[in-house]
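Below is one structure, written out as structure tokens; the observations come after it.
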Amino acid sequence: MTENIQTLAHWLRHSKSAVAFTGAGISTESGIPDFRSPGGVWATNSPVYFDDFLRSEESRIEYWRQKSLTHDEFFQAQPNIAHLALAAWERKGVLHGLITQNIDGLHQVGGSVNVLELHGTAREIGCLQCYTRFEAGPLVAEFKDTGRPPVCQKCGGLLKHATISFGQSLSPDVLQTAAAWAKRSDVFLAIGSSLVVTPAADLPALAKRHGAKLAIINRETTPLDHLADIVINDSIGEVFSELAAAEPQP
Ligand code: NAD
């Protein structure tokens with residue numbers, strides 16, 4: 001076991017309020033491409049901006065077409081060792097909670113409960129008019145059958161995945177809670193994020209400014225590496241197999 005992983009396991013064993021912050025990199029080993037992967041839907045399709053979604057039926061059709069492609073990818077994926085280890089640490093009281101930029105819902109499938117989804121979830125659809133939430137599966141199936149974006153069964157409003165689109169603001173409540181968790185954390189683990197998308201990427205620096213030890217686990221370097229107490233540039237699967245073997249306990 002490398003020294004950094006031993007140190008991290010030691011911190012977690014003695015932590016009272018550790019917080020994990022995850023990005024698309026934690027789900028690549030579950031088969032979901034990250035933002036920059038050459039084969040990913042995000043790399044081959046231009047995202048539909050929120051204003052365009054509101055303005056034109058053509059944009060809504062394109063939005064639903066793209067979301068239908070990623071829907072199957074998300075629902076076939078299974079949590080991997082990192083999702084499962086984080087959920088186990090929460091159950092053991094090692095981890096206070098988890099803040100994620102991901103929209104795939106794999107943390108909850110893996111058993112995490114105290115989860116803040118900064119960018120929402122692709123597992124649900126929301127009505128933009130009456131705010132009713134629906135399960136994504138049946139509505140994606142309806143779009144695939146008809147080629148028309150579904151509308152709300154209750155009020156006829158526009159339906160969109162419960163995710164934050166480009167040009168749409170993050171929920172201030174979720175962001176505020178995430179900032180409070182970051183400030184209170186004694187260990188802050190940033191896992192699988194390029195740490196370039198703000199305001200989410202501001203959280204590790206906020207945690208550090210308020211006294212947390214900061215660990216960054218990511219295959220590539222990030223712009224926040226200079227702030228971190230530990231940087232581990234390796235595959236998340238490898239790192240978590242070693243960390244799980246070290247069995248952080250409260
Ligand atoms: P990102 O794509 O910008 O960065 C992911 C980082 O993870 C990269 O630096 C990459 O080198 C690293 N990485 C990938 N696989 C890894 C592995 N197996 N081991 C170690 N490191 C690995 O992702 P981001 O910072 O989360 O920002 C992208 C945005 O796109 C987010 O806002 C997110 O909402 C969205 N997105 C979500 C998903 C998802 O829900 N799974 C997938 C793609 C994009």
Side-chain angles (χ1 to χ4, degrees), residues 2 4-5 8 20-50 66-67 69-86 98-110 112 115-124 136 160-171 174-175 178 188-205 215-225 228 230-244:
T2 65
N4 273 342
I5 292 179
L8 188 49
F21 172 76
T22 64
I26 198 169
S27 295
T28 56
E29 290 173 53
S30 292
I32 301 176
D34 65 17
F35 202 65
R36 290 176 176 74
S37 292
V41 169
W42 287 269
T44 46
N45 295 274
S46 305
V48 175
Y49 279 71
F50 188 55
Q66 291 183 16
K67 286 290 182 182
L69 295 177
T70 47
H71 178 83
D72 294 342
E73 202 167 69
F74 285 178
F75 275 77
Q76 280 153 16
Q78 293 300 317
N80 62 49
I81 185 168
H83 297 105
L84 297 175
L86 291 170
L98 198 155
I99 304 166
T100 189
Q101 298 180 93
N102 294 347
I103 56 173
D104 57 35
L106 284 183
H107 285 300
Q108 290 91 330
V109 177
S112 288
V115 180
L116 292 176
E117 293 175 311
L118 293 176
H119 298 162
T121 177
R123 290 183 182 254
E124 290 183 12
K160 182 184 162 298
H161 283 66
T163 56
I164 308 292
S165 291
F166 286 91
Q168 201 178 3
S169 306
L170 271 64
S171 151
V174 175
L175 200 54
F188 194 92
L189 283 178
I191 306 160
S193 173
S194 57
L195 299 177
V196 293
V197 183
T198 56
D202 295 334
L203 292 168
I216 296 179
I217 305 172
N218 202 56
R219 204 156 42 201
E220 298 170 332
T221 59
T222 80
L224 299 190
D225 287 358
I230 287 180
V231 177
I232 303 174
N233 293 132
D234 207 341
S235 127
I236 292 166
E238 299 279 325
V239 174
F240 271 81
S241 331
E242 288 195 43
L243 267 176

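Below, all heavy atoms of this structure are taken into account, side chains as well, without hydrogens, waters or symmetry copies. For ligands, and for the atoms within them, numbers begin at 1 and follow the listed sequence.
Per-residue contacts place G192 under 4.0 angstrom from the following atoms of ligand 1 (heavy atoms of the residue considered): 5 (C), 6 (C), 7 (O). Ligand-side atoms of ligand 1 in range of G23: 26 (O), range being under 4.0 angstrom from any heavy atom. Using a 4.0 Å cut-off to heavy atoms of E29, the atoms of ligand 1 that qualify are 17 (C), 18 (N), 19 (N). When each atom of ligand 1 is checked for a heavy atom of T28 under 4.0 Å away, the hits are 14 (C), 15 (N), 16 (C), 17 (C), 18 (N).
Looking only at distances, no side-chain donor or acceptor of N218 sits under 3.5 Å from a matching main-chain atom of S194.
Considering backbone and side-chain atoms alike, I236 places an N or O below 3.5 Å from some N or O of ligand 1. Annotation: I32 places no N or O atom under 3.5 Å from an N or O atom of ligand 1; distance criterion only. Between A24 and ligand 1, a contact under 3.5 Å exists for at least one N or O pair. Considering both main-chain and side-chain atoms, N218 comes within under 3.5 Å of ligand 1 through a nitrogen or oxygen pair.
By the 30° and 60° cut-offs, the orientation of the rings of Y49 relative to F166 is tilted.
Between I217 and D234, the closest side-chain pair of non-hydrogen atoms is not below 4.5 Å. Counting only heavy atoms from C-beta outward, the side chains of I232 and L8 approach each other to under 4.5 Å. For the pair I103/T70, no side-chain contact is recorded, criterion being any heavy-atom separation below 4.5 Å from C-beta on.
Proximity of P33 to ligand 1, defined as any heavy-atom pair under 4.0 Å, is confined to the backbone N, CA, C and O atoms. Proximity of R219 to ligand 1, defined as any heavy-atom pair under 4.0 Å, is shared by backbone and side chain alike.
Taking H71 as the reference, F75 meet the ring-ring contact (aromatic ring centres under 6.0 Å, His included) condition, with sequence neighbours excluded.
For the atom pair L224 CG and D202 CG, the distance stands at 8.5 Å (nearest 0.5 Å).
Within the structure, ligand 1 has D234 among the residues with a heavy atom less than 4.0 angstrom away.
For the side-chain contact (heavy atoms from CB on, under 4.5 Å) test with S30, the passing option among D104, V109, L106, I81 is L106; the others fail.
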